Amino acid sequence: MIQHFPVAAVMLLFLAAFLVEIFGSKNAVVRNVIALEAATISAVLIFALVKPILIDGQVISYWMGNWAPVSGYAIGIGYEIDALNLFFALLVCATFWLSCVYSIAYMKNDRHLGHYYTLFLMLSGSVLGLVLTGDVFNMFVMIEIMTFASVALTAFRNDSDFALEAGFKYLVIGSIGSSMTLAGVALLYGQCHTLNMAQISAILAGRMTPTSIMALGLIIAGFGVKSYIVPFHTPAADAYTTAPTSISMVFSGMVNKAGVYGMIRMVYVVFRAMDKSSVQMLLVLFGAATMFIGVTMALTQHDFKRLLAFHSISQIGYVITAIGLGSALGLTGGLFHAMNHTLFKGLLFLTAGAVLYATGTTNLDKVGGLSKKMPVTAACFLVGAFSISGLPPFNGFASKWMVYQALYTRAMESGNFVYALVTVVALIVSVMTLASFIKVTQSAFFGQCPAELKDTKEVPFSMQLPMIIMAVLCVAAGIFYKAVDKFLLNPAVNASFNVTKYVDSMIGEGTAAAAGLENILVNPVEFSFWNPLVWLVLFVIVFAAIALVILYGNFARGKVLEPDTANDAKYATFFSGEQEEFSQVAGSDLFWGFKKDWKGYYKVLVGLHNGNVNDYSTMAIIAAAVIVLCMFIFMR
Amino acid sequence: MFNILWSLFYVLIFPGALFTVAVGLLLAGIDRKVVARMQHRIGPPIRQPLYDFLKLIGKETIIPKAANKLAFLGAPFVGFVSLALIMLFIPIFGFTAFSTSADMIVILYLITIPGVALIVGGSSSGSPYAGIGISREMVTMMAYELPFVLVLLTVAKKAGGVSLAFSMDAIANWQAANGSMLFQWAMIPAAIAMLLVIPAEVGTQPFDVAEAETEICEGPLVEYSGAPLGLFKLNSAMKMFVMSALFVSLFLGGIRTGFILIDAIIFVVLCIIVTVLCMSTIHAISARLKIEHLFKFYWTFVAGLAMASLILVWCGL
């Protein structure tokens, strides 16, 4: 019974995609019911797998049409779910469910909503299928569906030229990525005569040939495009900005993660190349470049969503760096950060969407003082901002701590100075992330409210709910990181290092042993930086502080004076005689000294992001060539 | 039960809130006195910061019309809580409040929280002066973060070789066995870099661009009055102690008499020396920098010193 759940979850989403178009293109209620129901049921189906897979440690395999292997060769499409897939599948389900709830109110003023939900469900189904499948060609098909659904959704609000341009960029760069994956898959098939991942893993075990090295390089480049690592990141900024915000959240929450998943699955399980120092160095360097370029670009943005888009790129850099280390701590940190990125970046995109919904703009120079008008959104935004900046006790802190620890431990063990430099970059990027979110805080939520936004209202409850859920999850994942590690991360890490079970349950008992695959023992990650006692202490102190607030509010000799009359100059903000409307400190005005000192750097960087698709394609192809070349030259 | 009482004692009295406040106010008083004497003034009494704080607590608190009340009043408390927490993670020679491997990364991030609290509080007041101030505060933060991180990595590498890279206990133990970090010649550039990071982190004279009274009316604090203002002033006094304590435990550790009281007194004396050296002296002899010069100074000169040390340590010196 339970082995049918994953494939049912994927098919349900595809089926609902067509049903929405057939029955729901006119009627909003039917449309919403179909979409929400499909999303809910398929999420429930996936969540039902938590107990057998994550807790009992089973691996579920499923042959489509019951095409079981013939004389040891897999011929049909197989779905295989171990703890690693399931971890990503849970992220995917959580993302599309929350996005679906958010969409109902957020999108209600758009036209052609039938198309919207069709594409949305196609995208959800394809990403879920990509994550769950055990077949490389099926994975490629899902990538294609994902790319084209994403392109259409990017250009969904096609009354603006900008959306069409973004869609076009996405189409070109995305196709380059898909083609590279396809080429890699073709080489693999030529080499191994099978498309089943488990079987390829068994065949390639300890026998890397030039063909498979080429295939690995192409596949890393292909998934690099899907997870938007630098320099493949160029279409991401536009796509995230112009897509409806519920879709931006889906892009950063699951489309990105699909690329990360593919990378982990291919490098760790299929090729088992994570102990090659060349692959490690390659991924770590690409990750470092991604986080640094992403965050420095984000610092100069003055559009809320565009800023978040560049942060999305930057945070994926952390994930790629961490998984590239190939150590248990690194992979744990990488997976944890991927999960946290889904949570806090989804949350931040939703708050950006709420600002857009309430004010009609995401330009940080035009909004301000929204925290008094939209208190829930502002509070959720602050939780997200502190999480992404890695302040304790939020979730970003726990995962970044693991990433730093893994990086510097590697640096000290190997004596390689490059890893130390990457650690420095990672730590600096974190403070720059904080800086750019301070910019949003100052210019959107605090500061003076412009006259035209005086009657802004908080968004409806169905939009608040996903934000609140994600904010609570951000805090919970930061505080109960040990439980997260025990139930989600550690099984996934073990699944990626120990492939014998994966191979055996798919192809048949004894295959792994015959191929010479061995389990690598993964010691559980040791945490000692933040113990429950200290947490208790934190709580006591916070409590004491709250008690103090009450005390000084009521009993201190001085009184707390609040503005009761509208025009008392005592409560006015000090402008030193300047008119209020000329005294705004807008988003673009911040960080002046920094921008001046970095002028030369930004000149180069902005020159590279020139918006010309030809240049972007050239960059992508050169980067892919570099990856493949590095594979050949340094692979030992 | 007994354990909880001890934890409460650690958190609220020593080395937590009360101790940090007391030593912080002492350091702030000494700093003002020393600066005054260097400038041929008499200077205020050493208790003056305490008097200032008590006076501000008694004044009325005005919340401006444009302010977000919760953030405006809550920010100073968040800063206070995290500053009191940091002292639990910094070993006072052999003594740490909790026998966990207290961690540099935790300290690094906890130290940014008071800065963030100042930024959020200032930003929530809705004043354009605060806007400029928080922008400068943030740039200052980015400026000193690079050398700060490099110094921490250098010390971790020097003391390293254990399973977890950033343990403060490992550093304390290494110093107990091999003598203070400061007497390793390869560490001297890092120590100088750290001495220059401290005044920027605390925001004293040449690096106080964020609060520049004479040009932007104390920046983030411009709309603050009464008890919250007093608390922010207290926070900056506590920061003096926390940062100099961090310097002492990173570079001057290794003294263990076995009596916690004597240890603590030596620790405070060393903190006073560090404060006078890196805050009062520089304060007395220099004028405020521009923000772009500050950034350049930290990312070239100070980061260069720290980097030199890191490379030396990496080569096994």
Side-chain angles (χ1 to χ4, degrees), chain A residues 369 371-372 390-392 397 401 404-405 408-409 412 417 420 423-424 427-428 431-432 434-435 438 441-442 446-448 528-531 533-534 536-538 540-542 544-545 548-549 552 556-563 570-575 583-585 590-594 596-597, chain B residues 7-8 11 57-66 68 71 73 77 80-81 84-85 98 100-101 103 105-106 109-110 112-113 116 119-120 123-124 126-129 131-132 134-135 138-139 141-142 145-146 149-150 153 156-157 160 164-166 222-223 226-227 291-292 294-296 310 314:
Chain A
S371 72
K372 296 191 87 168
L391 296 184
F397 173 71
W401 182 88
Y404 304 143
Q405 199 79 53
Y408 207 58
T409 309
M412 299 221 290
F417 198 62
T423 318
V424 175
L427 281 157
I428 291 300
V431 73
M432 289 181 165
L434 176 65
I438 290 300
T441 317
Q442 155 72 18
F446 292 143
Q448 297 282 328
S528 49
F529 67 108
W530 194 251
N531 70 4
L533 186 65
V534 177
L536 174 81
V537 164
L538 184 72
V540 170
I541 292 202
V542 172
L548 265 173
V549 176
Y552 103 97
R557 274 183 297 146
K559 288 175 292 182
V560 179
L561 301 181
E562 284 187 67
K570 188 175 180 179
Y571 303 107
T573 308
F574 174 58
F575 291 112
S583 308
Q584 300 299 327
V585 179
L590 295 178
F591 309 141
W592 184 79
F594 173 82
K596 180 160 189 286
D597 284 343
Chain B
S7 330
L8 271 180
V11 172
I57 288 286
K59 296 281 182 190
E60 63 183 23
T61 303
I62 297 170
I63 301 172
K65 214 166 26 181
N68 181 310
L73 291 182
F77 283 94
F80 179 83
V81 167
L85 263 182
F98 299 109
T100 59
S101 63
D103 194 285
I105 303 289
V106 177
Y109 276 92
L110 281 175
T112 54
I113 293 182
V116 174
I119 287 171
V120 169
S123 177
S124 73
S127 160
Y129 291 94
I132 309 263
I134 65 151
S135 157
M138 202 60 236
V139 174
M141 217 185 246
M142 284 192 271
E145 198 79 0
L146 177 67
V149 162
L150 286 169
L153 293 188
K157 171 71 183 167
L164 290 174
F166 296 112
V222 60
E223 293 293 337
I291 185 69
E292 69 264 32
L294 183 145
F295 191 86
K296 204 173 265 173
L310 182 61
W314 211 266

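Chain letters run A, B, ... following the sequence lines, proteins first and then strands; every chain starts at 1. In this text, all values refer to a predicted model and were calculated from it rather than measured experimentally.
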Relative to chain A, which segment of [X] carries a heavy atom at a distance below 4.5 Å: side chain, backbone, both, or neither?
X: I105(B); result: both
X: I119(B); result: side chain
X: E223(B); result: side chain
X: V116(B); result: side chain

M142(B) side chain reached by I428(A) side chain, heavy atoms, under 4.5 Å:
no
Shortest non-hydrogen contact from [X] to [Y]?
X: L434(A); Y: M141(B); result: CD2-SD, 4.0 Å
X: Q442(A); Y: G131(B); result: NE2-CA, 3.7 Å
X: S124(B); Y: F446(A); result: CA-CG, 3.6 Å
X: E145(B); Y: V431(A); result: CG-CG1, 3.7 Å
X: I438(A); Y: M138(B); result: CG1-SD, 3.7 Å

Parallel, tilted or perpendicular, judged at 30° and 60°: which one describes the rings of F397(A) and Y109(B)?
perpendicular
Atom OG1 of T423(A) and atom NZ of K157(B): how far apart are they, to the nearest 0.5 Å?
11.5 Å
